[in-house]
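Note that the structure is predicted; figures quoted are calculated from it, not measured. Naming: A, B, ... by sequence-line order, numbering from 1 per chain.
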Amino acid sequence: MRYWLMKSEPDEVSFDDVLAAPAQTLAWFGVRNYQARNFMRDAMSVGDGILFYHSSCAVPGVAGIAEVASSPYPDATQFDAASHYHDPKATLEQPRWISVDVRAIEAGRYLPLAEMRSIPALEDMVLLQKGSRLSISPVTQAQWNTVVALLKEGKR
DNA sequence: GCCAACGTTGGC
DNA sequence: GCCAACGTTGGC
């Protein structure tokens with residue numbers, strides 16, 4: 001059992017979108033970074049905890065708690081010539097990019113990035129390191145416990 | 001919209 | 001394999 005932080009642009013897929021999906025589950029698609037892909041491929045397991053983070057928006061921050069709901073499988077958008085995520089070098093025989101399914105568990109109060117930066121227990125989070133842009137990053141048990149406690153301070 | 005930081009590409 | 005140029009990320 002591991003823990004992860006996964007970034008999504010809420011204009012594209014928000015935490016509420018996942019909550020509203022059938023079985024509260026959506027495919028996590030569009031990862032086009034090898035390090036992030038390798039985390040999904042090599043280190044994720046069904047049931048791992050996910051901090052669902054909203055990036056590239058007015059107030060970036062953690063929007064809710066989710067979990068890994070599938071094994072890795074090829075990301076369909078890489079084969080779609082009409083998709084923003086199309087990769088001409090990927091083939092059905094040799095896919096380059098993968099997805100996992102993500103199931104929303106619960107929304108806490110919204111935890112803004114600025115607040116996370118003010119919390120000493122979170123200062124080592126990969127997300128908060130200078131220049132960190134990884135869309136999927138590992139979270140320690142202690143960091144997870146801290147963030148979950150903050151999310152549960154006030155429920156929506 | 002700016003720009004720092006990082007990743008990828010491609011010529012050599 | 002080096003590294004300059006270019007593209008992307010993402011907070012502000």
Rounded to the Å, how far apart are A:M116 CE and C:dC12 P? 12 Å
Once you measure the plane-to-plane angle for A:W4 and A:F39, does it fall in the parallel (<30°), tilted (30-60°) or perpendicular (>60°) bin? tilted
Counterpart residues, ring-ring contact (aromatic ring centres under 6.0 Å, His included), relative to A:F79 (two or more places apart): none
Take a 6.0 Å sphere around CZ of A:R32 and say whether it holds more than 12 heavy atoms from other residues, nucleotides or ligands. yes
Neighbours of DNA chain B within residues 120-133 of chain A, by heavy-atom distance under 4.0 Å: A:K130, A:G131, A:R133
Can you see if the side chain of A:K7 gets near the phosphate of C:dT9 - specifically, an N or O under 4.0 Å from OP1 or OP2? no
Hey, are A:R117 and A:E123 close enough for a salt bridge, meaning a charged N less than 4.0 Å from a carboxylate O? no
C:dT8, OP1 or OP2 - any side-chain N/O from A:Y85 closer than 4.0 Å? no
Could you state the NE2-C1' distance from A:H54 to C:dG11, rounded to the nearest angstrom? 16 Å
Which whole-number value in Å describes the distance from A:D11 CG to C:dT9 C1'? 15 Å
What is the distance, to the nearest angstrom, from the CD atom on A:E12 to the C1' atom on C:dG10? 14 Å
Rounding to 0.5 Å, atoms NZ (A:K7) and CZ (A:F52) come to a distance of 13.5 Å
Taking every heavy atom of A:G30 against every heavy atom of A:D75, the minimum-distance pair comes out as N-OD2, 2.7 Å
May I have the distance from A:L134 (atom CG) to B:dA5 (atom C1'), rounded to whole angstrom? 12 Å
For A:Q35 and B:dG7, what is the distance between atoms CD and P respectively, to the nearest whole Å? 7 Å
Whole-Å distance between C:dG11 C1' and A:E9 CD? 12 Å
Atom CZ of A:R32 and atom P of B:dT8: how far apart are they, to the nearest Å? 13 Å
